[in-house]
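Letters A, B, ... mirror the listed sequences (proteins, then strands); counts begin at 1. Note that the structure is a prediction, hence the values are computed from the model and not measured.
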2 protein chains.
Amino acid sequence: MDVKTLCLGVLATEDRSGYEIKKTLEERFRHFFRAGYGSIYPALKELERSGLVVCEAVEQQRRPAKKVYRITDAGRRTLEEVLVAEDPRHVVRSEFLVLMYFAHLLPAERVTQVIDAMTAEFDRILNADLEALEQVYDTLTPGQRFALGYGRTMLTAALGYLHRQRGGFLRELQPTEAVDPELRNGGLAAAGD
Amino acid sequence: MDVKTLCLGVLATEDRSGYEIKKTLEERFRHFFRAGYGSIYPALKELERSGLVVCEAVEQQRRPAKKVYRITDAGRRTLEEVLVAEDPRHVVRSEFLVLMYFAHLLPAERVTQVIDAMTAEFDRILNADLEALEQVYDTLTPGQRFALGYGRTMLTAALGYLHRQRGGFLRELQPTEAVDPELRNGGLAAAGD
DNA sequence: GGGTGGTATATCGAGCCGATACATCGGAGC
DNA sequence: GCTCCGATGTATCGGCTCGATATACCACCC
């Protein structure tokens, strides 16, 4: 499954331009799939070449013209074939966890800073992006509610884990944190290593 | 953060060949980062070219020779610089959720089949891959335990969600599933739609 | 003898990502 | 009026990654 399939899926509901497809992805797929213009425009070109979509230039007032794409019958057939035939993957690529894996090579403050940044990002996605989707919950299909609920469940679990672990990391990495600075160069052999 | 950084990180602990790096990634990073030979070998070549690792050919008995890489001081410095400077991303790319998002375009049995396949895969990762890591828990750094625990938490939450949702999907998509086949053409108006 | 599978290096094409370029317009600020 | 910023809109380029494939050697088993 590639960006071509994704575009077909979005166009299955409503005609759209490349720019509007990107907007739709950002609103609705943000927490589980991303695609930039560098993927979308070539995908639409290829879909048009193979007859799965047709394109119509639409002039607009006070705005640049846009090229609106519409899915064809062949496109709908191909979309369903792909979704039925390919077994879908679920891939996590987390530089965040890589960094945590190598945390022992880094200053402690960097590690807590990264945990806090990740917490803030997850929190924003959960409480802004997904919350906006809840507003249109009534208009969603069961499958779309499933995808939304999955995102909510994962983000909630992740935030809980980050919250529980952060304290432990602070104690483990900065045992002298709460100690008077004057004491830091004495007493603790482990502090120098 | 790219595969070069990942290789540097693995080599920071122990000298390894490209093949061994891949094995290490499969054992320890499987649930949050993947890289194939098509990424690893060019990465090692580039790291050697820029002096961040050195390479030594090692002959072996009854096996093909291997090229073992060792990180240099410059490599260690670069690794830390990269991990400190870049803000790490956490990306989910789920064809599974895309398929669920478009579930209304598909036969019901395909949807439940995909949910079951995903459940089986998550279950395997949690109970085989991560369980194997628990065996060496004592040898892990705090950061490595963090990454392991994160994976366990996410997989457990995902499995719970899939379990809770699957029943609802079955009822929604196949309301006559448990009904005597003889009754399917009578009685239930909703069944024909 | 032949098939399978593990060890090992390497490359190729296709696809994707992020940055960038270019163009038009509305509105904010001075 | 002038300038800058941001939204709308299309498009491409270099670099990186992915998955498949090729090659080779050996152990093991039937």
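At whole-Å resolution of the value, CG in B:L25 and C1' in D:dC18 are 14 Å apart. In this structure, CG of A:D2 is placed 20 Å from P of D:dT17, rounded to the nearest angstrom. Atom-to-atom, CD of A:E95 to P of C:dC17 comes out at 13 Å; the value is rounded to the nearest Å. With rounding to whole Å, A:K67 atom NZ is found 20 Å from D:dT8 atom P. Regarding A:L44, its CG atom lies at a distance of 15 Å from the C1' atom of C:dC16, rounded to whole Å. Distance, A:K22 NZ to D:dT10 C1': 13 Å, rounded to whole Å. Atoms CD1 (A:I40) and P (D:dT12) sit 14 Å apart, rounded to a whole Å. Between A:I21 atom CD1 and C:dC16 atom P the separation is 14 Å, expressed in whole Å.
At the heavy-atom level, A:K23 lies under 4.0 Å from the strands shown only through sugar-phosphate atoms. Within 4.0 Å of A:G38, counting heavy atoms only, lies at least one base atom of the nucleic acid.
The aromatic rings of A:F32 and B:Y101 sit tilted relative to each other, their planes meeting at an angle between 30° and 60°. Ring planes of A:F102 and B:F29: tilted class, angle from 30 to 60°.
In terms of position along DNA chain D, the nucleotide closest to A:K66 lies nearer the 5' end than the nucleotide closest to the other residue of the pair A:K66 and A:K45. Residues A:V3 and A:Y37 both approach DNA chain C. Their nearest nucleotides, taken by heavy-atom distance, put A:V3 toward the 5′ side. Residue-to-nucleotide proximity on DNA chain C shows that, of A:R34 and B:V68, the 5′-proximal contact is made by B:V68.
In this model, no donor atom of one side chain and acceptor atom of the other lie less than 3.5 Å apart for A:R166 and A:T112. Under 3.5 Å, the side chains of B:D116 and B:T119 contain no donor-acceptor pair of N or O atoms.
OP1 or OP2 of C:dT9 sits under 4.0 Å from a side-chain N or O of B:S17. Of the side-chain N and O atoms in A:Y41, none sit less than 4.0 angstrom from OP1 or OP2 of D:dA11. Side-chain nitrogen and oxygen atoms of B:R93 include none within less than 4.0 Å of the OP1 or OP2 phosphate oxygen of D:dT17. A:Y19 has a side-chain polar atom (N or O) that falls below the 4.0 Å cut-off from OP1 or OP2 of D:dT8.
For A:F146 and B:Y161, the ring centers sit closer than 6.0 Å to each other.
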